[in-house]
Amino acid sequence: CPNFPLSQWTLLLEGHAPDLEKVLSGHYSTTINPKQSQPLGKGFEITLSQPTTTHKVRTYGDWSIATNLWVKALTFIMPWKEGELWGYKHYLSGFFINIHYSLHSQVIDFDKACCLKVEGQKYLCFDAITEFRRLKVTHISSLGMVAYSKLQHLTSSPSGERARSDLAWGEPCLNWNHGACDRSTTNCARYHVCSKCCRSHKQTECSLAKASK
């Protein structure tokens with residue numbers, strides 16, 4: 001059985017989205033808070049000894065460690081979802097790899113939104129990438145509502161000029177997808193990712209793009 005916080009096992013069994021900060025804290029914690037309890041329904045409740053929340057998911061490394069633990073725990077009880085979950089992690093990792101580190105909090109927010117969408121619509125799977133397109137625009141595109149709200153907040157700070165420059169990065173680079181972009185990943189104003197699935201290959205090499213033809 002994978003090492004995983006007890007409260008998060010309960011969430012998995014009930015089909016809820018994981019709390020990656022509690023997962024990460026449980027992985028590193030050396031202290032225990034014995035006063036947490038979880039409802040089981042029909043008037044029953046179980047008291048669990050849980051690690052205190054001490055670690056925040058702020059970086060790609062934090063997210064990757066916590067997500068690996070979540071995937072291993074979920075595939076322990078639902079082994080048929082293994083390929084789906086690792087595929088989803090690979091999909092999200094592409095954003096972390098290709099987006100400037102100062103914007104990784106937006107990718108983490110995008111991941112949370114995707115997990116909540118799957119939780120709320122039980123028929124969805126994590127490999128239904130096309131179902132996450134609107135959330136991607138909302139959380140990652142510089143024109144999205146969440147990204148724009150962060151832009152307004154950051155540009156009003158003393159470091160606003162730098163923040164404005166960071167958040168100006170936009171959609172996948174169509175020139176790069178067709179082999180015509182002469183700029184490096186760090187210098188291009190758009191992402192060097194597949195314009196179809198946002199992974200690290202070009203659209204001409206994308207299996208999803210070929211399948212949709």
Side-chain angles (χ1 to χ4, degrees), residues 11-12 14-20 23 57 60 63-64 66-75 77-101 103-151 167-181 185 188-213:
L11 291 180
L12 294 186
E14 294 177 348
H16 295 309
D19 185 333
L20 292 185
V23 172
V57 177
Y60 176 36
W63 176 86
S64 184
T67 299
N68 283 346
L69 294 168
W70 165 63
V71 170
K72 289 177 182 178
L74 189 52
T75 54
I77 57 177
M78 300 180 184
W80 59 89
K81 295 178 74 69
E82 183 173 8
E84 169 194 337
L85 295 172
W86 287 121
Y88 172 75
K89 182 178 185 291
H90 180 73
Y91 167 68
L92 262 292
S93 294
F95 289 103
F96 284 106
I97 292 169
N98 291 286
I99 292 177
H100 194 272
Y101 67 87
L103 303 180
H104 281 183
S105 63
Q106 290 175 231
V107 183
I108 292 170
D109 287 343
F110 173 51
D111 172 49
K112 291 177 182 177
C114 291
C115 289
L116 289 173
K117 184 177 180 68
V118 173
E119 174 186 323
Q121 300 179 25
K122 302 299 184 185
Y123 62 88
L124 284 182
C125 295
F126 281 96
D127 55 3
I129 304 303
T130 55
E131 296 291 336
F132 303 142
R133 284 181 176 175
R134 289 187 179 181
L135 296 176
K136 183 184 74 172
V137 172
T138 301
H139 291 272
I140 296 179
S141 169
S142 59
L143 302 178
M145 289 298 293
V146 173
Y148 183 78
S149 296
K150 288 191 174 183
L151 172 64
L167 285 171
W169 289 49
E171 297 299 314
C173 178
L174 297 180
N175 287 336
W176 180 84
N177 272 273
H178 293 90
C181 182
T185 300
C188 185
R190 295 181 181 272
Y191 306 138
H192 283 191
V193 296
C194 175
S195 56
K196 182 71 175 179
C197 70
C198 292
R199 295 184 180 177
S200 57
H201 53 253
K202 293 180 173 65
Q203 182 178 349
T204 54
E205 305 165 356
C206 181
S207 58
L208 287 178
K210 294 176 181 178
S212 63
K213 291 182 179 179

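All figures in this text were calculated on a predicted structure; none of them were measured in a lab. Along the sequence shown, residues are numbered consecutively beginning with 1.
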From [atom1] ([X]) to [atom2] ([Y]), nearest 0.5 Å:
| X | Y | atom1 | atom2 | result |
| --- | --- | --- | --- | --- |
| Leu20 | Thr67 | CG | OG1 | 5.0 Å |
| His192 | Asn175 | NE2 | CG | 8.5 Å |
| His104 | Gln106 | NE2 | CD | 10.5 Å |
| Leu74 | Leu12 | CG | CG | 5.5 Å |
| Trp70 | Thr75 | CH2 | OG1 | 10.0 Å |
| His16 | Leu116 | NE2 | CG | 11.0 Å |

Determine whether [X] and [Y] make a side-chain contact, defined as any pair of heavy atoms from C-beta on separated by less than 4.5 Å.
| X | Y | result |
| --- | --- | --- |
| Tyr88 | Cys115 | yes |
| Trp63 | Leu92 | yes |
| Asp111 | Phe96 | no |

When you look at Glu131 and Val118, which way does the side chain to side chain contact (heavy atoms under 4.5 Å, CB included) test go after all the steps?
-> CA-CA 9 Å; Glu131 296 291 336; Val118 173; over 6 Å; no

Plane angle bin for Phe110 and His139 - parallel if under 30°, tilted between 30 and 60°, otherwise perpendicular | tilted

With under 30° as parallel and over 60° as perpendicular, where do the rings of Phe95 and Tyr91 fit, or are they tilted in between?
->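 Correct class here is perpendicular.
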
For the student: nearest non-hydrogen atoms of Ile99 and Ile140, plus distance =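 Of all heavy-atom pairs spanning Ile99 and Ile140, the closest is CD1-CG2, 3.7 Å.
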
Heavy atoms only: give me the nearest Lys89-Asn68 pair and the separation to one decimal.
-> CE-OD1, 2.7 Å

Mind listing the side-chain donor-acceptor pairs of residues 120-128 below 3.5 Å, one per line with the distance, residues two or more places apart or on another chain?
from	atom 1	to	atom 2	distance (Å)
Gln121	OE1	Tyr123	OH	2.7
Lys122	NZ	Gly15	O	3.0
Lys122	NZ	Glu119	O	2.9

Go through the side-chain N and O atoms of Ser93 and Tyr60 and say whether any donor and acceptor fall under 3.5 Å apart.
->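 Note: Ser93 and Tyr60 side chains meet the donor-acceptor criterion.
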
Heavy-atom count around Lys72 NZ within 6.0 Å, excluding the residue itself: above 12?
-> no

Salt bridge present between Glu205 and Lys202 (N-O < 4.0 angstrom) |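 No.
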
